[in-house]
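Here the structure is laid out as structure tokens; the discussion comes afterwards.
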Amino acid sequence: MVIGKGALLVTGAVLGTGILGAKIAHASEDHAHPPHYPWNHNGAAESFDAKSIRRGYQVYREVCSACHGMEYVAFRHLGEIAFTAKEVKRYADETEVWTEPDENNEIHKRPAKSFDYFPSPYRNKLEARAANGGALPPDLSGIVKARPGGEDYVFALLTGYDNPPAGVELREGLYYNPYFPGGAIGMAPPLADGSVDFVDGTPATLSQMAKDVSTFLAWTSRMEQDTRKQFGIKATVGTVIVAAAAWYWKRFKWSTVKNARIHYRD
Ligand code: HEC
């Protein structure tokens, strides 16, 4: 077969533009970047908003925990931030966790203790995928650290569901969300106005619930943050005191030397 030079050139040009075009499209259209929101736990000396964490846990418990576990967060951790020992015990009592495998390698459910971690509703990843049309609901303990944009991303994702733009067809079981990489997510919109009935009476709008659960997830990702900041302040104050004492001690000890007049005898 003989291919003319012209044909080769044209093919090359078409291929080249195709690849370049695809790259540009990918960079600009893949997904939207979340805006920055003014979280009040991100200031240098700010701690987490305990009331928001209480509501956020309620949202997690009543909505998200139907699909997502948190393998690094235990009930007892709730007592370190915003819950009484009684509440921690009640939440644990009302939750079931998986047992260790028995002699037939089967796991069962038992009531949780306060040292137990928030269970996944599924026995394993296979079951989790099967229940979610092939998509795997990730463990949420460290999700704010694991995703670029952190809590901004989680908030934008939860509030960003929309109808697909004209011309975009989604496979069944996928939902359009411009903040999710690729734009099609396998999680149905988990929140809508009134999804929960907040114990503290706060109106449960979509954005309120999304804010509270994002704050809760930011806390679980950085449980040690408050302790770290407190330690930072203590360490700074401590260092200043020790440095001042050392400076004074040195002056005191050297004063005789510095004030001494030296006479040289012939
Ligand atoms: C009915 C099950 C279900 C519920 C309820 C649910 N999710 Fe999901 N979630 C999923 C699935 C499935 C995925 C994986 C989606 C994918 O990879 O396409 C997911 C993914 C996510 C992701 C990760 C997105 C990413 O960047 O990979 C976050 C964050 C998340 N869910 C948060 C939540 C929060 C917060 C709630 C509660 C308000 C919640 N989900 C409730 C099923 C659920």
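Atoms within a ligand are numbered from 1 in the order they appear, just like the ligands themselves.
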For Tyr72, does the OH atom have more than 12 heavy-atom neighbours from other residues, nucleotides or ligands under 6.0 Å away? no
Please work out whether any backbone atom (N, CA, C, O) or any side-chain heavy atom from C-beta onward of Ile185 is under 4.0 Å from ligand 1, and answer side chain, backbone, both or neither. both
Is Met209 reachable from Tyr60 through a run of I, L, V, M, F, W or Y residues, each pair having side-chain heavy atoms under 4.5 Å apart? yes
If you count the non-hydrogen atoms of other residues, nucleotides and ligands that lie under 6.0 Å from CG in Asp197, is the total more than 12? no
Trp219 and side chain to side chain contact (heavy atoms under 4.5 Å, CB included): which single residue from Glu151, His41, His77 fits? His77
Atom 8 (Fe) of ligand 1 to nearest N/O/S of Cys67 below 2.8 Å: no
Checking heavy-atom distances from atom 12 (C) of ligand 1 to each of Gly186, Gly56, Gly182, Ala128, the winner is Gly186
Looking at Lys109, I want to see if its NZ is surrounded by more than 12 non-hydrogen atoms of other residues, nucleotides or ligands under 6.0 Å. yes
Is it the case that over 12 heavy atoms from other parts of the model lie below 6.0 angstrom from the CD atom of Glu100? no
Which residue holds the protein heavy atom closest to atom 26 (O) of ligand 1, what is that atom called, and what is the gap in Å? Tyr153 OH, 2.5 Å
Evaluate the ring planes of Phe118 and Phe216, with Trp represented by its six-membered ring, and classify them as parallel (under 30°), tilted (30 to 60°) or perpendicular (over 60°). parallel
shortest atom 10 (C) of ligand 1-to-protein heavy-atom contact is with Met187 CB, 3.4 Å
Between the main-chain N or O of Arg76 and the side-chain N or O of Ser114, is there a donor-acceptor pair closer than 3.5 Å? no
Is there a polar contact between ligand 1 and Arg147, counting only N or O atoms under 3.5 Å apart? yes
If you scan protein heavy atoms around atom 29 (C) of ligand 1, the nearest is Ile143 CG1, 3.9 Å
Heavy atom under 4.0 Å from ligand 1: found in Leu136's side chain, backbone, both, or neither? backbone
Considering heavy atoms of the protein only, find what lies nearest to atom 41 (C) of ligand 1 and give residue, atom and distance to 0.1 Å. Pro190 CB, 3.5 Å
Show the atoms of ligand 1 that are less than 4.0 angstrom away from any heavy atom in Val63. 5 (C)
Are Tyr117 and Leu217 linked, directly or through intermediate hydrophobic residues, by side-chain heavy-atom contacts shorter than 4.5 Å (ILVMFWY only)? no
Looking at Asp49, Thr215, Asp212, which one forms a side-chain hydrogen bond (donor to acceptor under 3.5 Å, both in side chains) with Arg55? Asp212
Proximity of Pro137 to ligand 1 by residue part, where a heavy atom lies under 4.0 Å: both
Show the atoms of ligand 1 that are less than 4.0 angstrom away from any heavy atom in Leu191. 38 (C)
Among all protein heavy atoms, pick the one closest to atom 34 (C) of ligand 1 and tell me residue, atom and distance. Cys64 SG, 3.4 Å
Ignoring hydrogens and geometry, is there a side-chain-to-backbone donor-acceptor pair from Tyr122 to Gly69 under 3.5 Å? no
For Pro138, the ligand 1 atoms with a heavy-atom partner under 4.0 Å come out as 19 (C), 20 (C), 21 (C), 23 (C)
For the 3.5 Å polar cut-off, considering only N or O atoms, please tell me whether Ala135 and ligand 1 meet it. no
Have a look at His68 and say which of its N, O or S atoms is nearest atom 8 (Fe) of ligand 1. NE2
Just to confirm my output: which protein heavy-atom neighbour is closest to atom 17 (O) of ligand 1, and how far is it? Phe180 CZ, 3.8 Å
